[in-house]
> 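Shown below is the structure under consideration.
All values derive from a computational prediction rather than experimental measurement.
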Amino acid sequence: RVCPPFCQICSILGVCDYLSKRKSFIMTQETVVVMGATGRMGQDIVIRLIKSGKYQVRALTRNADGKSAKALSELVSKQCSEHPGRLQLQSCDPKDAASLKSAFEGAEYIWAMTTNDFGTREVEYNASMQLARIAQDSSSLKYLLYSTLPNTLEISNGKYDVGHCTEKARAFAEMCKMDLPVIGISPGNFATNVFKEEHGGFFSLKKDGDKFIMSLPMDGDVPIPTTVAGPDVAATIKHVLEDPEKYRHKAIVVFSERVTPNEIASRIGPEVQFQRLPEEIAGKAMPEEIHLMFKFFNEFPGWADASDAIGAFVQPPDELKKQFTPLDDFFKNNRDKIF
């Protein structure tokens, strides 16, 4: 007999155990906590994990009853209809210890991400270490997956200190020293940076006659590891969870290609040209940290190279890179957001 997915009548009458078996199956699945679940990247991660059919997802948001949470719930219902009941929305203040402890309780895996809106670089570092200590105290934890970035201060021998990069890298290094079962996920340059509404528009193309000018404070022939961050990070997390021990105390760099600004411009379209943004203009046109970050990219293009050191970067394997969004497809499908 085949019963409808949500039939309860037979089980209530005691003539069918379909529902009880389904509940038992869901209860035995491992739980993945996703911080920042209602953001653009978080949504992609939630959808990817639920679609795999392997996990329950506990999606953390500041307000589980808010518009963003409801939008995520509707998106999951629409795109993951074959896997009902896998999403749990939970309110969480990422800077509050009690809130984090409740959010992490009983979960086997945690995707942890801190952002610039946490406050100063020290606040972000302290928030990262607080969640690490709470995760370490969890009896159910198998692995913490932490969103990290390159230690620009160390790589540049003290020349460039990009705060949010350095503090994330410092926190990840400390987590490794704690012998926490942790894996770093380090996204490359976001391909979405060229969107006209992104970052207040200071990366957006500028019309110049019949051409569009793309400007960055770096040379046009320097390769940058670049990613379509949401779907690529989501694919990376799913890949890492299949064999987490392989990546313990390593940070996998997420990028589909190393592309130069000249190549990015030409691949967006023949009407786009790259011009280096003069330093005196860059210093006024964009936040200091972003300006420093591109100066770092320009002088240290090998920042994402692999190493055997604890906490060091590893490259995404070929079988994973095949799952990443091709940049040509991304630019082609998002022209309305670029121009």
Side-chain angles (χ1 to χ4, degrees), residues 26 29-52 54-81 83-119 123-135 137-138 140-141 143-149 164 168 171 182-183 185 187 190 192 197-199 228-238 240-241 254:
I26 291 177
Q29 287 196 314
E30 293 179 317
T31 295
V32 183
V33 169
V34 177
M35 296 181 68
T38 59
R40 187 162 58 197
M41 184 187 298
Q43 290 181 2
D44 286 329
I45 295 168
V46 169
I47 295 294
R48 186 81 178 216
L49 292 176
I50 292 178
K51 276 191 170 184
S52 74
K54 296 180 179 180
Y55 308 103
Q56 291 287 107
V57 174
R58 186 178 301 158
L60 304 188
T61 175
R62 295 181 189 272
N63 181 7
D65 296 317
K67 291 182 179 179
S68 296
K70 291 178 181 177
L72 174 61
S73 181
E74 291 172 1
L75 186 66
V76 169
S77 295
K78 182 178 179 180
Q79 296 193 19
C80 307
S81 57
H83 299 294
R86 306 293 178 90
L87 175 68
Q88 174 196 354
L89 286 161
Q90 182 166 332
S91 297
C92 178
D93 179 350
K95 290 185 284 188
D96 180 75
S99 186
L100 284 171
K101 184 176 180 180
S102 173
F104 294 173
E105 186 175 359
E108 285 82 11
Y109 304 103
I110 299 167
W111 163 246
M113 182 175 65
T114 58
T115 61
N116 287 352
D117 64 7
F118 274 42
V123 171
E124 185 171 358
Y125 171 80
N126 290 336
S128 296
M129 295 312 301
Q130 175 176 255
L131 69 83
R133 288 188 291 269
I134 293 170
D137 290 340
S138 171
S140 60
L141 180 73
Y143 269 92
L144 171 68
L145 279 62
Y146 176 72
S147 176
T148 188
L149 288 170
H164 71 284
K168 283 179 178 289
V182 63
I183 298 164
I185 308 289
F190 285 16
T192 53
E197 302 298 331
E198 200 81 355
H199 301 297
V228 182
D232 291 357
V233 169
T236 301
I237 289 174
K238 179 179 175 293
V240 165
L241 289 179
V254 183

> Just jot down the side chain to side chain donor-acceptor pair (under 3.5 Å) partners of Ser138, sequence neighbours excluded, or say none.
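Partners of Ser138 by the side chain to side chain donor-acceptor pair (under 3.5 Å) criterion, ordered by chain and then number, come out as Ser140.
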
> Could you tell me whether the side chain of His164 reaches within less than 4.5 Å of the side chain of Glu124, counting heavy atoms only?
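Yes. Closest side-chain heavy atoms under 4.5 Å.
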
> For Pro94 versus Leu100, what's the shortest heavy-atom pair and its separation?
O-CD1, 3.4 Å

> Between Lys168 and Ser128, do the side chains contain an N or O donor and an N or O acceptor separated by less than 3.5 Å?
no

> In a table with atom names and distances, give each donor-acceptor pair under 3.5 Å that connects a side chain of residues 34-44 to protein atoms at least two apart or in another chain.
| unit_1 | atom_1 | unit_2 | atom_2 | d |
| --- | --- | --- | --- | --- |
| Arg40 | NH2 | Glu198 | OE1 | 3.4 |
| Arg40 | NH2 | Glu198 | OE2 | 2.6 |
| Gln43 | NE2 | Thr38 | O | 3.2 |

> Would you say that Tyr55 contacts Gln29 through its side chain, given a criterion of any heavy-atom pair below 4.5 Å between the two side chains?
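Counting from C-beta outward, Tyr55 and Gln29 never come under 4.5 Å.
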
> Considering all heavy atoms of both residues, which atom of Val182 and which atom of Tyr143 are nearest to each other, and what is their separation?
N-CD2, 4.1 Å

> Between Ala107 and Arg58, which heavy-atom pair has the shortest distance, and what is it?
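Distance-wise, the nearest heavy atoms are CB-NH1, 4.2 Å.
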
> Should Tyr125 and Thr114 count as side-chain neighbours, where that means a heavy-atom distance under 4.5 Å?
no

> Locate the shortest heavy-atom distance separating Ile134 from Ala97; write the atom from each residue and the value.
CD1-O, 3.5 Å

> For residues Leu241 and Leu145, determine if any side-chain heavy atom of one lies less than 4.5 Å from a side-chain heavy atom of the other.
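Answer yes - side chains close enough.
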
> Would you say the side chain of Leu141 lies within less than 4.5 Å of the side chain of Glu108, judging by non-hydrogen atoms?
no

> Indicate the atoms forming the closest heavy-atom contact of Ala103 with Val33, along with that distance.
O-CG2, 3.4 Å

> Can you give me the closest heavy-atom contact between Leu89 and Ser73, atom names plus distance?
CD1-CB, 4.0 Å

> So do the side chains of Glu74 and Lys78 get within less than 4.5 Å of each other, counting heavy atoms only?
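A side-chain contact under 4.5 Å is absent here.
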
> How about Trp111 and Ile185: do any of their side-chain heavy atoms sit closer than 4.5 Å?
yes

